[in-house]
Amino acid sequence: MDDNRTQLRNHESTCRSKISTAIIIAALSMLFIAGCQGVGQKRTLSKDERMKWWRDARFGMFVHWGLYAVPAGQWKGKEIPGIGEWIMERADIPVAEYEPLAQQFNPVKFNADEFVGIAKNAGMKYIVITSKHHDGFCLWDSEVTDYDIMDSSPFKRDILKELSKACKKQGIKLCFYHSIMDWHHPDAQRPFYPDYNDGKKSNPNFARYVENYMKPQLKELITNYGPLGVMWFDGEWIKDWTEPQGKDLYNYVQALQPNIIINNRVGKGRKGMEGLNKGDQEYSGDFGTPEQQIPATGLPGVDWESCMTMNDTWGYKSDDHNWKSNKVLIQNLADIASKGGNFLLNVGPTAEGLIPDASIERLAAIGNWMKVNSESIYGTTASPLGKLPWGRCTAKPGKLYLHVFDWPTNLKLEVPGLKNQVNKAYLLADDKRTNLSVRRELKDKIVVRIPREAPDAVNTVVVLEIKDK
Ligand code: FHN
């Protein structure tokens, strides 16, 4: 009897352990399948919650860095016109001639902490770096290609890993730019040049490149370097890429990191963001990306970010000295914030790994302005006022920030369109918050008496504390 019981118990326990093993195997396989397909993860945040850090940030650094920094705009002794990161295309360089640039890409002066520190000191809250630009070279150790920083260059340091650590340490959100178009991959390169880049011809193997190469690479980037702030796609205008593929990619990325933010270039959403209905906007990404421009009245009802160069190139070009002034850059930041957008300002590091001095100087100047005035940028919303003759306005509940670009010589700052009662007015640069006198001139116009000297010749911020909305 006892023997029977023991046998029964043994049998039961074998069954139980078999069942448990089967359950574990089934669960693991489901997880594995889910992991492979990138399904099963749901968003936990609403769009407003997901976008909050990004909307509050208002200012980020764009980094275009890759093999194109080696020729830096010159090919075979000639200056190649146009943007530096397009040199492969502009100088019509065959893959076999471009590839060996990797052996010369050895950015030994790169220091991730310094790099991130430069952005942070400028008041930037996030960095968007080219994990892979159109030339196809990868700045991280990718499992699916040797055309990357670890396997093809003498540098053999994973740039994205180092940046990810430095960003975490300094509280900066790391984001990746990723080109859908790829001039290097055999299934995706430009076989019908020049029509290919004009969106006229398709590449027959592009779908294979997407499934077997681009998606696995994105999985590496999102799972090994994340959590990321933004996945910033580009190169979507080619004929190979369609809106349904964009939807699929959006869902793929979102399933890997549910609360990630994705730009509109994931699909064909770049053109006419304003004209799209809500559903289309959702699939065309989370925010619009006006390039090298600031929309005159913003993009009402849509999140957006103006990306802009400091000179005339994204990737480093040794001969491009057409730098924007500190004044233009500081005023652009205020202009964009006053229209409800973010400013993504570019740097193009050299092949040695340094951000050009001219960029560092400008970022330092913006940083000095931000140290005094960042309250008028972070977490603000678009101006509720109409066009202002002397500058721009940003807003927070109970506060208006008047960005005065042109200091009125009669020392009267007129604010048309304001019906609210003003409780207090002061200069943001004034630690003592000394009251400036305010007089109501019309039902919807007040005048602030300002001091003779503007504390900042480029943009002095006057704060109005107001009653009601
Ligand atoms: O072709 C690129 C260009 O090189 C650069 O990366 C910019 C940045 O927004 N985007 C593309 C053009 O729209």
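Both counts, for ligands and for their atoms, begin at 1 and track the order of listing. Along the sequence shown, the residues carry numbers beginning at 1.
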4.0 Å heavy-atom contact, Arg265 with ligand 1: yes
Ligand-residue contact atoms, ligand 1 with His133, heavy atoms, under 4.0 Å: 3 (C), 4 (O), 5 (C), 6 (O)
Salt-bridge present (Asp151, Lys156; N to O < 4.0 Å): no
Contact check: Asp234 vs ligand 1, nitrogen or oxygen atoms, below 3.5 angstrom: yes
Residue that, paired with Thr309, satisfies side chain to side chain donor-acceptor pair (under 3.5 Å) out of Glu291, His64, Gln292: Gln292
Between Asp158 and Tyr225: side-chain donor-acceptor atoms closer than 3.5 Å: yes
Charged tip of Lys268 within 45° of Trp237 ring normal and under 6.0 Å: no
Trp65 ring center near Phe105 ring center (under 6.0 Å): yes
Trp232 contact mode with ligand 1 (heavy-atom cut-off under 4.0 Å): side chain
Under 3.5 Å side-chain donor-acceptor pair for Gln103 and Ser152: no
Numbered atoms and elements of ligand 1 in range of Trp237, under 4.0 angstrom, heavy atoms: 1 (O)
Candidate with minimal heavy-atom separation from atom 4 (O) of ligand 1, of Glu85, Met308, Glu89: Glu85
Per-atom contacts, ligand 1 versus Tyr177 - under 4.0 Å to a heavy atom: 6 (O)
Closest candidate by heavy atom, reference atom 7 (C) of ligand 1, pool Met181, Glu291, Glu236, His134: Glu291
Residues Tyr177 and His133: side-chain donor-acceptor under 3.5 angstrom: yes
Under 4.0 Å to a heavy atom of Cys307 - the qualifying atoms of ligand 1, by number: 9 (O)
